[in-house]
Protein chains: 2
Amino acid sequence: MARSGRRPGRTGTRDRILVSARAAFGESGFEGATVRGIARAAGVDPALVHHYFGSKEQLFVASIELPFDPQHLAALLVRGGLDGLGERMMRFAVSIWGQPRSLQVLLGIARSATSDPRAAEALRGILESSLLPAIRELGVDQPELRASLIWSQVVGLVFGRFVVGVTPLTAAAPEQLVAAVAPILQLTLTAPMP
Amino acid sequence: MARSGRRPGRTGTRDRILVSARAAFGESGFEGATVRGIARAAGVDPALVHHYFGSKEQLFVASIELPFDPQHLAALLVRGGLDGLGERMMRFAVSIWGQPRSLQVLLGIARSATSDPRAAEALRGILESSLLPAIRELGVDQPELRASLIWSQVVGLVFGRFVVGVTPLTAAAPEQLVAAVAPILQLTLTAPMP
DNA sequence: GGTCTAATTCAACGTCCGATGAATTCTACA
DNA sequence: TGTAGAATTCATCGGACGTTGAATTAGACC
């Protein structure tokens, strides 16, 4: 039984709450995760969560900060031109979901997007602030449609691999996925579009 | 205030509950939808839901019966061979999500898959009982990986169009989507795979 | 007409949830 | 050393949820 009152020394409590929150939201989405569960995982009283973050929603917002800078991504994609862009995109996706913390953020957003418009907007934001500008800058025709199709392919991959657990997708090595999907993305960039 | 007791005449109450349930699950997923809300939408006391279906979970199972027969779909895809298979797949997907009831069932499963392993299994089932057998039967190499990639593309499309609301995907006419995506699916079927 | 069964509502229980406000303990700084 | 403020817990509130059991009303069949 932890007695009440301030703890001696520096306790990174706020950070521990954030870490637990990312794990919980990534596992169960916004609605499925509970403030009490997050507090328990952080070894802390639920009231502390509100003390630091005000509300469950604000905690969510704080915990799903995008694990990369959209402009940086856009620049990275543009650099190198249209050639090999599909592969660069896949490599970036794979490198992001290879980091546990980034993956948690991504899954937290994706799992919450099914019920929370804000999370859905965050997902759209990745498309509109990175993918679309990059493709526009390269002067491809029908940039909106192409960017959306690429976005939906990557989202589908993440969904299949990490949410639904489709065996060939969970079993494939990252390199194999890159090799398999990159040409498809490349065709999505270059094929004639209606 | 509806007084208690049996209603005169034939009241399709059970069916009305099912209809409301599909709408609610499609809109909010299993956890987000509430028995009380479904009952309210059906103009009925919440206890009736349990009288007819036993539990929220059994109601969910009853309401998400797949809107098509997997074997029939597999046969439809095989008939006609590898040529134009991508287009047939897209046409089928578009025709399914064009029917409101089917779309509700699909979205109910997809939205619940983020937290409910059973729904995730139902989603995998579409892949394993229709897509994969069809592709296998056509003698393509790497059928598991190809089927999974096609599945993830279609799931991503549904997610983008109906859950996240990606503008180019919501705005595109079904025919335009078929024309844009079919060649990509076809490449996924025929491109060399690692 | 009497009786059994199905349909329907009502009232309630127990649980979990997010949130609040007060009390307690420590740190920082004058 | 005294005191303001930050960190932490505790007890609790009000609400929503799934579920249950009893009571009420209608149809079906003898």
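Chain naming here is simple, since letters A, B, ... match the order of the sequence lines and numbering starts at 1 in each.
In this structure, the CZ atom of A/Arg14 is 12 Å from the P atom of D/dT8, given to the nearest Å. Atom CD in A/Gln58 sits about 15 Å away from atom P in C/dG18, given to the nearest Å. The separation between B/His51 atom NE2 and C/dT9 atom P is 11 Å, rounded to whole Å. Rounded to a whole Å, the CG atom of B/Asp15 is 15 Å from the C1' atom of C/dA7. Between B/Leu48 atom CG and D/dG18 atom C1' there is a gap of 15 Å when expressed in whole angstrom units. What separates NE2 of A/His50 from P of D/dT12 is a distance of 19 Å, to the nearest Å. A straight line from NZ of A/Lys56 to C1' of C/dC17 spans 8 Å, rounded to a whole angstrom. Here the P atom of nucleotide C/dT9 and the CD1 atom of B/Ile17 are 9 Å apart, to the nearest Å.
OP1 or OP2 of C/dG18 has not a single side-chain nitrogen or oxygen of A/Ser55 nearer than 4.0 Å. Side-chain nitrogen and oxygen atoms of B/Tyr52 include none within less than 4.0 Å of the OP1 or OP2 phosphate oxygen of C/dA6. Residue B/Thr11 has no polar side-chain atom (N or O) positioned under 4.0 Å from OP1 or OP2 of C/dA7.
For the pair A/Glu27 and A/Arg22, the salt-bridge criterion is not met [side-chain N within less than 4.0 Å of a carboxylate O].
For A/Ser20, the side chain to side chain donor-acceptor pair (under 3.5 Å) test picks out no residue, with sequence neighbours left out.
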Open item on the list: Test side chain to side chain contact (heavy atoms under 4.5 Å, CB included) on B/Val166 and A/Leu123; report intermediate values, then the result.
Closed with: CA-CA 9 Å; B/Val166 174; A/Leu123 262 191; over 6 Å; no
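Listed by residue number, the members of residues 24-46 of chain B with any heavy atom below 4.0 angstrom from DNA chain D are B/Ala33, B/Thr34, B/Val35, B/Arg36.
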